[in-house]
Amino acid sequence: MNKSTLPLPPPVFLLIGVVAVSFSSILIKWSEAPASILGMYRLLFTVLLFLPFLPWREMKILFKNSTLKDWLMLAVSGVFLGLHFLFWMESFSHTTVASAMILTALEPVFVVIGAYFLFKEKTSKVGIISILIAVSGSVIIASGDIGVSKTALYGDLLSVLGTVAVSVHMLAGQELCRKMPSIIYSFAVFLIGGLVLFVYNICTNVSLIQYDIKDWWIFLLLALIPNIFGHALFNWLLKYVDATTISMAILGEPIGAIILAYFLLGEMTTVSQLVGGMIVMISVMIFLKYKAAELEKVMALQEKSNIS
């Protein structure tokens with residue numbers, strides 16, 4: 001961790017990022033625009049905000065030297081990012097902020113499962129137990145939502161599909177993130193994801209421009225607050241803070257969103273959401289901490305072998 005070049009301690013930036021991404025669900029709930037439009041403008045407006053800061057010469061060299069596999073992985077990453085916003089944003093029309101947000105905490109679980117099948121990356125017994133407990137927590141949330149309505153359960157399903165989609169996005173992009181600066185990678189996948197949603201809106205005859213001024217402000221704020229001051233900030237912090245620390249910090253997003261939903265939307269949290277949410281959050285925290293300890297052991301062994 002390199003703290004010397006940061007103007008403030010890393011926890012301050014992490015807190016800013018968590019608060020910023022927590023506003024995402026509130027802004028979505030405030031808008032009456034379709035989820036596909038919200039996702040499209042959120043991504044494309046972020047692309048426009050990135051334009052003045054792009055290292056164009058480096059981009060030209062990087063894209064020229066990219067392999068066919070790199071282009072394919074970039075496309076997959078962008079497409080599934082677009083699908084993530086489509087499913088996840090639509091879930092808020094059917095279920096509560098609490099359920100939709102807590103279920104997104106399952107992302108590390110899906111990433112580990114995907115990494116096992118795609119890259120043969122194994123996890124320990126502790127990791128497997130943590131995953132099973134996290135899944136049981138999500139089942140408790142879903143079972144509670146059955147009592148609310150079938151619509152709420154459908155919203156939960158959309159949230160899970162959105163989480164699976166963002167997990168594929170992460171898996172497809174993990175190698176690319178090591179090869180290129182975060183701003184170039186983010187710009188490329190946001191552009192692809194936005195274009196995917198643009199095509200979807202055209203094919204489904206969704207209006208692209210007939211929205212209130214309030215909605216247009218929300219489109220812009222979604223790009224500015226959760227994307228720039230949230231996700232882009234987290235990507236930048238990877239230079240100074242390890243990925244596990246950031247993953248742990250992002251787990252604060254559901255908590256922040258639930259608190260904001262209570263004060264700004266008047267949404268109450270049910271017993272099943274509280275119990276299931278606590279189970280999901282604690283089990284994912286244990287999993288991430290254990291993965292961090294495993295990584296430290298591997299790095300220590302590598303250092304030993306290099307010295308010898």
Side-chain angles (χ1 to χ4, degrees), residues 16-52 78-101 103-104 149 151-152 154-159 161-163 165-166 169 186-187 189-233 253-254 256-268:
I16 291 169
V18 170
V19 172
V21 293
S22 297
F23 267 98
S24 180
S25 55
I26 307 302
L27 291 168
I28 292 166
K29 281 279 193 178
W30 276 343
S31 176
E32 295 178 9
S36 55
I37 288 293
L38 282 164
M40 182 187 79
Y41 282 119
R42 175 175 176 171
L43 291 168
L44 294 182
F45 279 6
T46 306
V47 167
L48 292 176
L49 291 170
F50 273 156
L51 282 175
V79 167
F80 276 90
L81 180 63
L83 291 175
H84 158 66
F85 280 120
L86 179 64
F87 292 134
W88 181 68
M89 287 182 161
E90 180 62 26
S91 73
F92 288 101
S93 299
H94 306 280
T95 192
T96 61
V97 168
S99 291
M101 292 305 304
L103 291 170
T104 60
S149 68
T151 303
Y154 175 64
D156 293 348
L157 176 61
L158 286 173
S159 182
L161 287 174
T163 306
V166 78
H169 155 72
S186 297
F187 174 81
V189 294
F190 282 10
L191 179 59
I192 294 167
L195 291 175
V196 165
L197 291 177
F198 173 77
V199 171
Y200 173 86
N201 288 321
I202 294 295
C203 293
T204 54
N205 295 317
V206 176
S207 174
L208 298 179
I209 57 172
Q210 293 178 348
Y211 300 100
D212 294 338
I213 293 295
K214 182 192 79 171
D215 285 317
W216 285 101
W217 275 109
I218 289 173
F219 301 157
L220 179 60
L221 288 173
L222 278 169
L224 191 62
I225 298 174
N227 275 15
I228 300 296
F229 286 99
H231 299 295
L233 179 63
E253 181 184 357
I258 290 168
I259 293 169
L260 289 171
Y262 175 77
F263 286 105
L264 299 176
L265 302 174
E267 283 193 4
M268 303 297 290

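For the single chain, residues carry numbers from 1 onward in sequence order. Quick note: numbers below take in every heavy atom, side chains included, and nothing from hydrogens, waters or symmetry partners.
- Looking only at side-chain heavy atoms (C-beta outward), Phe187 and Val47 come within less than 4.5 Å of each other.
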Name the atoms and distances for all side-chain donor-acceptor pairs under 3.5 Å in residues 23-30, with sequence neighbours left out.
unit_1	atom_1	unit_2	atom_2	d
Ser24	OG	Arg42	NH1	2.8
Lys29	NZ	Phe92	O	2.9
Lys29	NZ	Thr95	O	3.2
Lys29	NZ	Glu267	OE2	3.4

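- For the pair Leu221 and Pro226, the tightest heavy-atom approach, listed with the atom from each and the gap, is O-CD, 3.3 Å.
- His84 places a side-chain N or O within 3.5 Å of a backbone atom of Gly162 that can act as its donor or acceptor partner.
- In this structure the side chain of Phe190 reaches within 4.5 angstrom of the side chain of Asn227, judged on heavy atoms.
- For Ser22, there are no side chain to side chain donor-acceptor pair (under 3.5 Å) partners two or more places apart in sequence or in a different chain.
- Heavy atoms from other residues, nucleotides or ligands lying under 6.0 Å from CZ of Phe80 number 12 at most.
- Sorted by first then second residue, the salt bridge (charged side-chain N to carboxylate O under 4.0 Å, His left out) pairs that include residues 203-216, not counting sequence neighbours, number zero.
- In terms of heavy atoms, Gly17 sits closest to Leu233 at N-CD2, 3.8 Å.
- With sequence neighbours left out, the side chain to side chain donor-acceptor pair (under 3.5 Å) criterion links Thr163 to no other residue.
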Show me, pair by pair, the donor-acceptor contacts under 3.5 angstrom made by side chains of residues 195-202, not counting sequence neighbours?
unit_1	atom_1	unit_2	atom_2	d
Asn201	OD1	Ser36	OG	2.5
Asn201	ND2	Ser36	O	3.4
Asn201	ND2	Leu197	O	3.0

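- Take His169 and apply the side chain to side chain donor-acceptor pair (under 3.5 Å) test, not counting sequence neighbours, and it matches Ser77.
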Would you tabulate the side-chain donor-acceptor contacts of residues 259-266 under 3.5 Å, counting partners in other chains and residues two or more places apart, or write 'none'?
none

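- In this structure Ser186 satisfies the side chain to side chain contact (heavy atoms under 4.5 Å, CB included) test together with Phe50, Asn235, sequence neighbours excluded.
- Considering every non-hydrogen atom in both Met40 and Leu208, the closest pair reads CE-CD2, 4.0 Å.
- Residues satisfying the side chain to side chain contact (heavy atoms under 4.5 Å, CB included) criterion with Phe229, sequence neighbours excluded, are Ala20, Leu224.
- With sequence neighbours left out, the ring pair (Phe, Tyr, Trp, His ring centres under 6.0 Å) criterion links Phe45 to Tyr41.
- With sequence neighbours left out, Ser159 forms a side chain to side chain donor-acceptor pair (under 3.5 Å) with no residue at all.
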